[in-house]
Amino acid sequence: MRILILGGTGEATMLAKTAVAQLPQLTVQLSLAGRTQNPQTMASVATRIGGFGGVEGLVDYLRERQVGLVIDATHPFAGKISRNAALAAEQLGIPRLMLVRSPWQSMVGDRWSVVPDLKAAAAAVEQGEGRRVFLTIGRQEVGVFAGLAERWFLMRMIEPAEGAVPEGVVLLDRGPYYLDSELAILKRHAIDLVVSKNSGGPATYAKIEAARQLGLGVVMIDRPAIPESETVETVAGAIDWLRSRV
Ligand code: NAP
């Protein structure tokens, strides 16, 4: 049976690798959007790169290759592909599972302002007191923060952004990140506000911990709505789901 894993996350990569190793009766195909120039592909996992062409393109892809199962392991903020996958799988009657990390929860000592989306995050930065902002939302949407007066941004992303970039410095790096180095970055750049998506998971959590330790505010962007579906939070849970279907 063929299975399509929609990826772009560490969990998707781990799931694809584990499924290939543990479930040889499956033909595993990992799909990446192609956002980075050097995607981390693996010799053991067949990987395709690039969009499908909307819901219709995805339906054609699934039908032509006779895909029997879909696991959507994309990032919690990749709402469009998740909606497309839900519609395409439903149209063809293909079982679909979502592998989604649970969101981070604030704890004692955190100073979060929770906002619904990026525009609201930019408004929160504009209205807040922080002047030196650590912007950790990736590269695609940094333009939303361009033009905010009297704000300086340290922007972390895997590859340089295209288009308008807020005033500040770009830091090219790929996680996972650790507490010591996150504390050092915040201190070195005299950061007084952090902006983050509520991505969940351990790989990028250290900045939240570091902000807590330094008593910094965090503008925390809530996740977009995702389609209703059977959901697991771990790779092991997704492997169990696959086992129950092959
Ligand atoms: P998105 O807005 O939900 O999707 C935009 C379009 O990109 C989709 O309509 C689809 O194009 C294509 N696409 C997205 N994921 C794909 C995949 N796994 N395989 C093939 N095509 C895909 O997605 P996004 O927020 O731009 O994220 C793009 C990728 O980066 C995703 O794989 C996601 O897991 C990863 N990522 C995103 C974030 C984030 O904050 N958004 C963070 C870390 C990683 P077509 O309509 O042409 O099929």
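Order of appearance sets the numbers: ligands from 1, and atoms from 1 within every ligand.
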Notebook entry, point to check: Judging by distance only, is a nitrogen or oxygen of I81 under 3.5 angstrom from one on ligand 1?
Noted result: yes
Margin query: Salt bridge or not between E182 and R156? Use side-chain N to carboxylate O under 4.0 Å.
Written below: yes
Item checked: Where ligand 1 meets G8 - atom numbers and elements under 4.0 angstrom, heavy-atom basis -> 32 (O), 34 (O), 35 (C), 36 (N), 44 (C)
Check: Can we say E11 and R101 salt-bridge, meaning some charged N sits less than 4.0 Å from an Asp/Glu carboxylate O?
Finding: yes
Notebook entry, point to check: Who's the nearest protein heavy-atom neighbour of atom 47 (O) of ligand 1, and how far?
Noted result: G53 N, 2.9 Å
Note to self: Has T13 got a side-chain atom pairing as donor or acceptor with T9's backbone, closer than 3.5 angstrom?
What the structure shows: yes
Next item on the list: Name the closest protein heavy atom to atom 11 (O) of ligand 1, giving the residue it belongs to and the distance to 0.1 Å.
Entry: G51 CA, 3.6 Å
Notebook entry, point to check: Is there a side-chain contact between V235 and T18 (heavy atoms, below 4.5 Å)?
Noted result: yes
Notebook entry, point to check: Which of the listed options, A33, G7, A85, holds the heavy atom that is closest to atom 16 (C) of ligand 1?
Noted result: A33
Notebook entry, point to check: Is G57 in contact with ligand 1, taking contact as a heavy-atom separation below 4.0 Å?
Noted result: no
Check: Between R132 and D192, is the closest basic N to carboxylate O distance under 4.0 Å?
Finding: no
Notebook entry, point to check: What part of H75, side chain from CB on, backbone N/CA/C/O, both or neither, has a heavy atom under 4.0 Å from ligand 1?
Noted result: both
Note to self: Starting from I221, can I reach V133 by hopping between I/L/V/M/F/W/Y residues whose side chains sit under 4.5 Å apart?
What the structure shows: yes
Notebook entry, point to check: Is K197 in polar range of ligand 1, meaning some N or O pair under 3.5 Å apart?
Noted result: yes
Check: Which ligand 1 atoms does R35 reach within 4.0 Å, using its non-hydrogen atoms?
Finding: 5 (C), 6 (C), 7 (O), 26 (O), 28 (C)
Item checked: Backbone N/O of G147 and side chain of E167: donor-acceptor pair under 3.5 Å -> no
Margin query: Using a plain distance cutoff, I'd like to know if S31 has any nitrogen or oxygen under 3.5 Å from a nitrogen or oxygen of ligand 1.
Written below: yes
Next item on the list: Test the R48-F52 pair against the cation-pi criterion, namely NZ or CZ under 6.0 angstrom from the six-membered ring centroid and within 45° of the ring axis.
Entry: yes
Check: Is L6 close to ligand 1, meaning an N/O of one under 3.5 Å from an N/O of the other?
Finding: no
Margin query: Out of all atoms in ligand 1, which are within 4.0 Å of some heavy atom of R48? Include the element for each.
Written below: 20 (C)
Notebook entry, point to check: Is a salt bridge present between K197 and E141, judged by a nitrogen-to-oxygen distance below 4.0 Å?
Noted result: yes
Notebook entry, point to check: Counting heavy atoms only, which of G175, G138, A78 comes nearest to atom 27 (O) of ligand 1?
Noted result: A78
Notebook entry, point to check: So is G54 close enough to ligand 1, meaning a heavy atom under 4.0 angstrom away?
Noted result: yes
Note to self: Is it the case that the side chain of R111 and the backbone of G215 share a donor-acceptor pair, with hydrogens and angles ignored and the cut-off at 3.5 Å?
What the structure shows: yes
Next item on the list: Can you sort out which atoms of ligand 1 are near K80, meaning under 4.0 Å from one of its heavy atoms?
Entry: 1 (P), 2 (O), 3 (O), 4 (O), 9 (O)
Checklist line | Contact with ligand 1 for N84, non-hydrogen, under 4.0 angstrom | finding: yes
Notebook entry, point to check: Can you list the atoms of ligand 1 that are under 4.0 Å from a heavy atom of G79?
Noted result: 3 (O)
Notebook entry, point to check: Looking only at protein heavy atoms, which one is nearest to atom 48 (O) of ligand 1, and how far off is it?
Noted result: F52 N, 2.7 Å
Checklist line | Electrostatic pair R151-E129, nearest N-O below 4.0 angstrom | finding: no
Check: Measuring from the heavy atoms of Q140, does anything fall under 4.0 Å of ligand 1?
Finding: yes
Next item on the list: Check whether any side-chain heavy atom of S196 sits under 4.5 Å from a side-chain heavy atom of V219, and report yes or no.
Entry: no
Check: Non-hydrogen atoms of A73 versus ligand 1: any pair closer than 4.0 Å?
Finding: no
